[in-house]
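Here the structure is laid out as structure tokens; the discussion comes afterwards.
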Amino acid sequence: MANEVNGTNAIITNGTGAIVGQGTGTLTWNSSPIDISNKSNGDNVTLMAGQGSGKQLQYACDFVYNTDAQFQKVSNDAFANTMDTYTITIPAGGSTDESYSALMMPTGLSVAMPHGDKLTSSVTFLSSGTVTHVPYSA
């Protein structure tokens with residue numbers, strides 16, 4: 001298939017622009033539709049177009065554990081419930097790569113420590129407030 005994007009190129013940076021890490025991740029946009037159904041529509045559900053509630057970006061990822069100061073800051077922020085501006089960039093080779101940026105709190109930190117193998121750290125970044133989405137453009 002043409003124009004495929006390699007997920008291993010996705011990068012997450014913090015508010016200073018420093019790279020926090022690269023790894024396997026799942027980006028999820030949550031938004032609940034607003035139900036405006038009424039009797040004039042019979043038994044049909046009617047949703048408000050262009051509106052949603054509970055909007056939040058979630059980025060759940062696994063990084064190879066390391067001792068880099070920016071990586072360790074994420075762990076410290078998770079323990080302290082501290083927020084920072086994080087940007088997830090998906091380089092797609094265009095003139096504008098796709099990105100998502102927001103004030104986020106890292107949470108759900110876990111570290112897998114298999115005997116004789118590399119350590120991996122799992123964390124979920126939860127947005128707080130407005131998310132800025134820059135779509136890919138050629």
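Everything numeric here is computed off the predicted structure, so don't read it as measured data.
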For this session: Output the distance between atom CD1 (Ile34) and atom CD1 (Ile36), rounded to the nearest 0.5 Å.
Result: 9.0 Å
Exercise. What is the distance from atom CE of Met105 to atom OG of Ser127, rounded to the nearest 0.5 Å?
Worked result: 11.0 Å
Exercise. Does a side chain donor of either Thr120 or Asp62 reach within less than 3.5 Å of an acceptor in the other side chain?
Worked result: no
Exercise. Can you find a heavy atom in the side chain of Asp117 that is under 4.5 Å from one in the side chain of His115?
Worked result: no
For residues 63-77, which side-chain N or O atoms pair as donor and acceptor with protein atoms under 3.5 Å away, sequence neighbours left out?
unit_1, atom_1, unit_2, atom_2, d
Tyr65, OH, Gln72, NE2, 3.4
Asn66, OD1, Asp68, N, 2.9
Asn66, ND2, Val64, O, 3.3
Asp68, OD2, Gln70, N, 3.0
Asp68, OD2, Phe71, N, 3.4
Gln70, OE1, Asn14, ND2, 2.5
Gln72, NE2, Asn66, O, 2.7
Lys73, NZ, Asp77, OD2, 2.6
Lys73, NZ, Asp84, OD2, 3.1
Asn76, ND2, Gln72, O, 3.4
Asp77, OD2, Tyr86, OH, 3.4

Exercise. To the nearest 0.5 Å, how far apart are CZ in Phe79 and OG1 in Thr107?
Worked result: 10.5 Å
Problem set entry | Min side-chain heavy-atom separation Ser128-Met104 under 4.5 Å | no
Exercise. Nearest 0.5 Å, what's the NE2-CD1 distance between His133 and Ile88?
Worked result: 10.5 Å
Problem set entry | Residue pairs passing the side-chain hydrogen bond (donor to acceptor under 3.5 Å, both in side chains) test where at least one lies in residues 24-38, sequence neighbours excluded | Asp35-Ser37, Asn38-Ser40
Exercise. Rounded to the nearest 0.5 Å, how far does CG of Leu27 lie from OH of Tyr100?
Worked result: 5.5 Å
Exercise. Are Val20 and Leu109 in one and the same hydrophobic cluster, where Ile, Leu, Val, Met, Phe, Trp and Tyr link if side-chain heavy atoms are under 4.5 Å apart?
Worked result: yes
Exercise. Roughly how far, to the nearest 0.5 Å, is the OG1 atom of Thr89 from the CD1 atom of Ile19?
Worked result: 9.5 Å
Exercise. Val123, Leu119: one ILVMFWY side-chain cluster at the under-4.5 Å cut-off?
Worked result: yes
Exercise. Looking at Thr85 and Leu103, what are the two nearest heavy atoms and their distance?
Worked result: N-CD1, 4.0 Å
Problem set entry | Residue pair Cys61 / Phe125: nearest heavy atoms and the distance that separates them | SG-CE1, 3.7 Å
